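Some notes on the structure that comes next.
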Amino acid sequence: MIVAERAERAEVRAESLTVTGPAGDIVRDLSFSIRLGQTLGIVGESGSGKSLTAKAVSGLLPAGLHATGTVAIAGTDVALPGSPQAWRKLRGAGVTLLLQDPFTSLSPVHRCGDQIAWTLQARIGRQAKGTRKEIRAKVIQHLDEVNLPAIVARRYPGELSGGMRQRAAIAAALAASPRLLIADEPTTALDASNQKDVLELLASLQREHGMAMVLISHDLGLVRGVTDEVLVMYAGLAVEQGPTAAVLSKPVHPYTAGLQASDPPMDRRLQRLIVIPGRVPEPGRRPAGCSFADRCSMASAACRRAEPRLEPAADGRAVACFNSRGPIALAAPAAVDERWQRGDDAPLLRAHHVVKSFAGQLALHGVSIEVHNGESVGIVGESGSGKTTLARCIAGLERPDSGEILYRGTTLTRERRTANQIQVVFQDPYSALNPKMRIGAAIAEALRTSRSERPRTVADLLDMVGLPAAFVRRYPSELSGGERQRVAIARSLAPDPELLICDESVSALDVSVQAQILNLLSDLRQELGLSLLFISHDLAVVRQISDAIYVIQAGRIVESGLTRDVLRAPRQGYTRRLITAVSQ
Amino acid sequence: MGGGHLPDGGLTEVTAPADVASPALAMPVRGRSTASAVARLIAWRVTGAVVLLAVISVLVFLLTYLSPGNIIKNITGIRPVSPHIVAELRAEYGLNQPLAVQYLHWLGRFVTGNFGRSIEDQTSVSQLFSERVGVTLLLCGMAFALAVVVSIPLGVLAAVRVGGLLDRLISVTSVIGLSAPAFAVGLILLYVFSYFLPIFPSSGSGQGLADTVYHLTLPAVTLAVGVGAYIVRLTRTAMTRELRSDYVTFARARGLGSQRIMWTALRNGIIPVITTMGLVLSFMVGSTILVETTFTLPGLGMLLQSSVEYKDFAVVQFLTLFFATIIVLVMLAVDLSYLVLSPEWRWQLRR
């Protein structure tokens with residue numbers, strides 16, 4: 001009896017967790033358990049139901065969604081949805097949820113120290129005023145734990161960098177001393193080097209505090225190093241679940257294998273990235289049988305008739321698939337020869353000693369780059385390094401303070417621009433399209449700027465980016481992130497440009513979709529002879545798409561050369577840091 | 001030395017140190033730079049307010065000329081006047097001089113506190129003003145306090161219960177309050193609370209403070225209805241947005257009490273509400289005229305109304321400029337209140 005109770009108190013369980021929205025079930029019959037001191041990773045593409053699982057387990061589902069099932073946290077059971085009183089008792093010291101975006105998760109008008117202190121006060125109750133000093137000391141202690149100096153207590157969130165804000169948020173979350181910490185994409189909004197630090201910090205704090213942790217991520221590589229168990233979700237369902245090492249190194253479910261394979265490697269360039277075709281079906285629009293069947297290469301007639309349930313499989317895992325019995329051998333696509341020689345021709349684009357400052361602060365300290373005809377050139381650096389400013393200067397969206405930007409030997413000025421030859425694809429496909437405009441109209445609008453003799457048509461452009469012609473009548477809200485980014489690319493291709501600037505164009509997308517877009521960009525480059533200026537913080541992505549790279553740090557180019565050479569033998573510490581941050 | 005060294009893998013420009021310590025701990029420096037930035041901002045905004053007032057003063061001065069009819073006619077009314085008297089009047093009012101000179105003289109008199117005389121009853125404008133300003137200020141103050149004290153909690157309540165019955169009730173009521181003209185509300189209140197249920201007086205401003213407050217209760221409620229309805233809607237919109245924000249979710253996730261969460265959200269949500277206070281005040285100035293007329297209160301609104309009727313320009317000019325000054329000052333105060341309310345603003349000043 002006592003032993004059973006102890007085991008009960010030392011674990012966190014979710015049983016038959018189901019979240020229902022207006023359109024149907026979003027999360028279906030999910031069960032997992034984590035012992036205190038262990039970490040469970042939940043992975044899947046966006047739309048798989050990961051975040052709502054987190055919200056359901058912490059009793060924070062938005063209005064309109066309904067949860068059923070049971071959550072048991074260290075001996076306290078809650079039958080979902082659970083009364084507000086039950087959750088009030090459990091949230092904080094029982095379960096705490098750390099959110100993705102450190103820029104919005106703290107109140108902007110309150111000092112960080114106060115916000116950490118609130119968590120402490122909520123936990124120990126508001127006691128006599130004598131404890132104020134103690135609270136202040138504890139706040140500093142919590143800040144120290146996340147490697148932040150005591151002075152941060154007096155700072156407002158807006159005064160801190162993204163990485164520091166996420167640390168401050170972690171301190172605020174841990175001040176509650178939770179038994180279960182759910183971290184929902186805690187590093188997605190951060191720079192590569194910060195990502196690694198924050199992740200390591202979370203892992204070490206989890207061990208020190210002996211908490212159970214759920215780490216939600218779309219990034220398999222991130223989950224690999226720090227979790228004990230992993231749960232792969234697809235369309236609201238667990239499709240593969242088990243020890244991390246086994247699941248990720250020898251995936252059995254085709255979806256897990258597909259996610260793995262579409263993650264681009266940094267050590268070589270692949271002929272073609274492996275993709276999972278299609279998109280995650282929305283709740284209420286799921287096909288009969290297995291939800292993954294439409295995207296699966298192993299699907300058979302049986303998959304369309306019935307939905308597979310989780311069944312025990314090799315290495316202590318459970319898999320929901322009729323056809324895959326053993327580990328799927330990950331295809332190793334051929335690497336391509338990256339030898340490449342820049343021609344002697346005059347550069348298509350030449351930026352020469354470009355200087356740009358904002359309100360007295362230098363963003364670019366005399367940056368020079370070249371892009372030749374048909375080349376794909378990468379610019380890599382962390383946020384704040386000046387890479388986007390450079391792109392905006394080249395695209396004519398900012399005017400440089402000094403320096404020259406030459407296109408085909410002619411200086412570009414605000415008055416003399418070649419807007420049609422240079423086009424930009426931005427990072428966020430959600431805000432790049434007017435939500436009230438049908439896709440057809442949005443592309444037609446871009447076509448009107450074309451001065452080409454043989455203008456393309458909307459149908460041509462949709463076909464070029466691999467979208468069905470029927471999409472002309474759709475609104476952006478009906479499209480997935482990847483589809484929207486395709487539309488954004490179609491728009492940028494409308495005026496028949498020679499140079500496409502991709503500013504972090506794939507970083508907001510899921511890996512499988514990211515691979516689709518990267519393949520699309522390679523194809524377009526080949527078919528149309530496009531030159532690319534590819535701006536990214538992700539070296540693995542840049543390896544797949546760029547022949548040459550410039551590494552930019554604090555507004556200066558610190559290293560440049562062939563992508564292969566720079567990544568194989570970086571000469572600068574900064575480049576090395578970026579590389580290790582990716583290959584964690 | 002350009003960017004053309006790529007193929008041999010050479011460095012383009014090695015100007016940065018090879019290894020820079022992690023910039024994560026680089027903090028913005030506070031201190032004097034903030035203080036001077038704030039001082040600059042205040043100086044800038046005050047200058048703006050002065051310029052704005054100068055422009056308004058020109059417009060107000062030109063009122064006399066822009067209004068239909070002859071100035072002398074306006075002064076003399078319908079009485080028949082000889083050319084001799086007209087000439088005398090022109091000289092007396094300085095109408096023979098160039099417009100710019102007239103303006104400067106007028107402004108000079110204004111700045112030195114000589115606001116002229118009422119054409120209507122020949123008392124000085126400053127005397128008329130001081131007799132009536134008290135009632136209007138008290139009326140506006142009571143109405144504003146009432147509106148804030150009732151509306152902000154109602155707006156918050158509607159936001160907490162967004163989509164619920166209470167929210168719909170509050171929202172519908174506020175739409176009615178917003179669209180009902182002040183004189184109509186005033187007449188209804190008069191009928192109900194001074195005729196049907198004679199609790200409150202129907203006119204006059206009373207003697208002594210307590211009696212004045214008693215007399216001003218119904219007018220203040222009338223004035224507060226429109227303003228309050230507006231504040232309810234503002235607060236509801238702002239609070240609905242704040243309560244859906246990430247920091248509220250994160251606060252709940254950490255087990256914070258609902259009271260603490262409400263205060264945190266309110267502290268964030270109040271910023272846009274305060275920003276529109278300038279607008280609220282100009283709305284109130286307009287409504288004062290209607291309310292004072294409805295309740296026959298001897299305040300500035302009624303004075304303004306009768307002066308416009310009689311084309312009593314000295315009074316109209318003074319009152320217009322007075323209300324404009326008040327509104328400009330409130331706008332200035334709202335602008336500067338940002339410095340207190342929004343820390344983001346404070347440290348962004350340094351950039």
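Throughout, a chain's letter reflects where its sequence line sits, starting with A, and its residues are numbered from 1. If you're wondering where the values come from, they're calculated on a predicted model, not measured in any experiment.
In this structure, B:T249 and A:L99 approach most closely via the heavy-atom pair CB-CD1, 4.2 Å. Minimum heavy-atom separation, B:F250 to A:A169: CZ-O, 3.2 Å. The two residues B:N268 and A:S107 have their closest heavy-atom pair at ND2-OG, 2.9 Å.
Within the 4.5 angstrom heavy-atom criterion, only backbone atoms of A:V95 (N, CA, C, O) approach chain B. Both the backbone and the side chain of A:A173 come within contact range of chain B, judged by heavy atoms closer than 4.5 Å. Looking at A:A172, the atoms closer than 4.5 Å to chain B (heavy atoms on both sides) sit in the backbone and in the side chain alike. Contacts of A:I182 with chain B are absent, with no heavy-atom separation under 4.5 Å from either backbone or side chain. Of the atoms belonging to B:I271, it is side-chain heavy atoms, and not backbone ones, that fall under 4.5 Å from chain A. In this structure, chain B has no heavy atom under 4.5 Å from any part of A:S58. Using a 4.5 Å cut-off between heavy atoms, A:K89 does not touch chain B at all.
When A:V109, A:L97, A:L98 are compared by the number of non-hydrogen pairs under 4.5 Å with chain B, A:V109 comes out ahead. The most heavy-atom pairs under 4.5 Å with chain A, out of B:G257, B:A253, B:G255, come from B:A253.
Shown here is A:R179, whose CZ atom has no more than 12 heavy atoms of other residues, nucleotides or ligands within 6.0 Å.
A donor-acceptor pair under 3.5 Å is absent between the side-chain atoms of B:R254 and the main chain of A:A176, judged by distance alone.
No side-chain heavy atom of B:T264 sits less than 4.5 Å from a side-chain heavy atom of A:Q115. A 4.5 Å side-chain heavy-atom check between B:S245 and A:T104 finds every atom pair outside the cut-off.
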